[in-house]
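Remarks on the structure that follows.
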2 protein chains.
Amino acid sequence: MNTETDRVVDTFELKKAGLKATLPRLRILEILEKGGDRHMSAEDVYRALLEVGEDVGLATIYRVLTQFETAGIVERHNFDGSHAVFEIARGPHHDHMVCLDTGEVVEFFDEEIERRQRDIVEAHGFDLQDHSLVLYVRRKKEAGDGRR
Amino acid sequence: MNTETDRVVDTFELKKAGLKATLPRLRILEILEKGGDRHMSAEDVYRALLEVGEDVGLATIYRVLTQFETAGIVERHNFDGSHAVFEIARGPHHDHMVCLDTGEVVEFFDEEIERRQRDIVEAHGFDLQDHSLVLYVRRKKEAGDGRR
DNA sequence: ATGAATGCAAAAACTTTGCATGACG
DNA sequence: CGTCATGCAAAGTTTTTGCATTCAT
């Protein structure tokens with residue numbers, strides 16, 4: 001709840017990014033914020049909006065998500081090569097593990113890994129700009145289980 | 001050189017994978033082995049073959065690369081979300097750093113990172129099946145440089 | 001009012017697939 | 001020879017773009 005305040009905050013966030021506070025953009029932001037799903041594809045956002053009765057063109061979703069990414073409002077990930085997913089860029093940096101069976105996504109952060117990455121890149125004469133770490137996992141089988 | 005021996009080895013590798021040693025498959029394997037480029041897209045392979053006078057259909061390249069991946073002969077990577085690149089799966093595991101300016105790809109391996117990944121996954125009750133780590137970098141600016 | 005944003009449909013980029021023909025074992 | 005592989009073109013996916021219309025400021 002507290003949609004009132006949120007809308008104001010969102011409007012401010014958009015303007016700060018030099019984007020007009022249009023209805024589609026506010027709606028997309030809302031979905032990304034409150035959506036049960038922290039990692040949604042453009043299509044996911046599109047359908048979520050339809051369910052709420054808002055009919056925003058898929059092209060707009062793509063355009064807006066790309067603008068949000070540029071503005072640092074969302075992060076784009078490519079867990080599989082086939083399609084991108086987006087998540088609100090709130091909170092500190094983290095990486096992801098994706099369950100190959102269920103698609104479940106778990107976020108994690110490890111200072112050790114972060115530091116090693118910086119060191120390695122440095123040692124090669126580069127500056128680290130960004131990185132993408134995805135661990136593909138399966139839930140550990142309990143003894144005498146694994147059946148489905 | 002030593003094309004003779006290589007061809008025999010390749011033929012064996014294909015048969016071992018349950019694939020007929022056809023001309024297109026042998027050619028694609030050759031390109032991936034000797035190509036100056038260790039990380040090629042399907043299109044790259046296609047054009048490399050054309051330059052050698054071999055006209056293999058792009059569809060075949062895709063099919064064969066996918067079969068090779070399944071057979072463990074090549075690895076598929078998605079450095080950017082837009083298109084896949086393939087590399088011969090020779091030698092030990094390694095990760096990649098990609099230069100955002102030049103596209104240059106540098107391979108590296110870090111036992112520390114590998115270990116942390118396994119530990120983290122374990123701690124969450126999962127088994128690590130695979131992972132993808134890509135560091136996006138830029139060559140470090142030398143003092144009073146950066147111009148191009 | 002005016003430049004920015006949207007929607008629609010068309011196009012683009014990458015990859016897969018159906019089917020007739022051709023090659024490997 | 002039988003089966004698997006190839007080539008071509010057509011279809012599939014995901015994402016982008018052109019253009020007329022609508023909206024925010």
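In what follows, chains are A, B, ... by sequence order, proteins preceding strands, each numbered from 1.
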Could you run down the sub-3.5 Å N/O contacts of the protein with nucleotides 23-25 of chain D?
none

Exercise for the section: Given side chain to side chain contact (heavy atoms under 4.5 Å, CB included), test A:V98 with A:L135 step by step and report yes or no. Expected result: CA-CA 6 Å; A:V98 181; A:L135 307 180; over 6 Å; no
Practice task
Assign A:A42 to base, sugar-phosphate, or nothing according to its heavy-atom contacts below 4.0 angstrom with the strands shown.
Solution key: nothing
For residues 118-129 of chain A, please give each side-chain donor-acceptor pair under 3.5 Å, one per line with the distance, not counting sequence neighbours.
from   : atom 1 : to     : atom 2 : distance (Å)
A:R118 : NH2    : A:E111 : OE2    : 3.1
A:E122 : OE1    : B:K140 : NZ     : 2.4

Practice task
Between B:V85 and A:G18, name the one whose nearest nucleotide on DNA chain C is closer to the 5' end.
Solution key: A:G18
Handout entry: Salt-bridge criterion met for B:R47 and B:E43 (N-O under 4.0 Å)
Key = yes
Problem - side chain to side chain donor-acceptor pair (under 3.5 Å) against A:D101, all qualifying residues, sequence neighbours excluded - result: A:R138
Exercise for the section: Please work out if B:S82 contacts a base, only the sugar-phosphate, or nothing of the nucleic acid, heavy-atom cut-off 4.0 Å. Expected result: sugar-phosphate
Problem - Residues forming a ring pair (Phe, Tyr, Trp, His ring centres under 6.0 Å) with A:H94, sequence neighbours excluded - result: A:H96
Problem - Pairs touching residues 64-75 of chain B that satisfy side chain to side chain donor-acceptor pair (under 3.5 Å), sequence neighbours left out - result: B:R25-B:Q67, B:T66-B:R76, B:E69-B:R76
Problem - Stretch residues 62-76 of chain B: residues that reach within less than 4.0 Å of DNA chain D through a heavy atom - result: B:R63, B:V64
Practice task
Taking ring pair (Phe, Tyr, Trp, His ring centres under 6.0 Å) as the test, write out the residues that go with A:H83, two or more places apart.
Solution key: none
Fill in the blank from the handout: Contact span of DNA chain C against chain A, any nucleotide atom under 4.0 Å from a heavy atom, 5' to 3', runs C:dG3 to C:dA9
Exercise for the section: May I ask you to decide whether B:E112 forms a salt bridge with B:R115, counting only side-chain N to carboxylate O separations under 4.0 Å? Expected result: yes
Handout entry: Which residues share a side chain to side chain donor-acceptor pair (under 3.5 Å) with B:T60, sequence neighbours left out
Key = none
Problem - CA sep, side-chain torsions, deciding dist, call: B:H39, B:D44, side chain to side chain donor-acceptor pair (under 3.5 Å) - result: CA-CA 9 Å; B:H39 305 88; B:D44 289 338; over 6 Å; no
Completion exercise
Those residues at least two apart in sequence (or on a different chain) that pass side chain to side chain donor-acceptor pair (under 3.5 Å) with B:R27 are B:E30, B:E54
Fill in the blank from the handout: Sorted by chain and residue number, the side-chain contact (heavy atoms from CB on, under 4.5 Å) partners of B:S82 (sequence neighbours excluded) come out as B:D80
Completion exercise
Base-paired stretches in DNA chain C with three or more consecutive Watson-Crick or G-U pairs, both distances under 3.5 Å, amount to C:1-25 with D:1-25
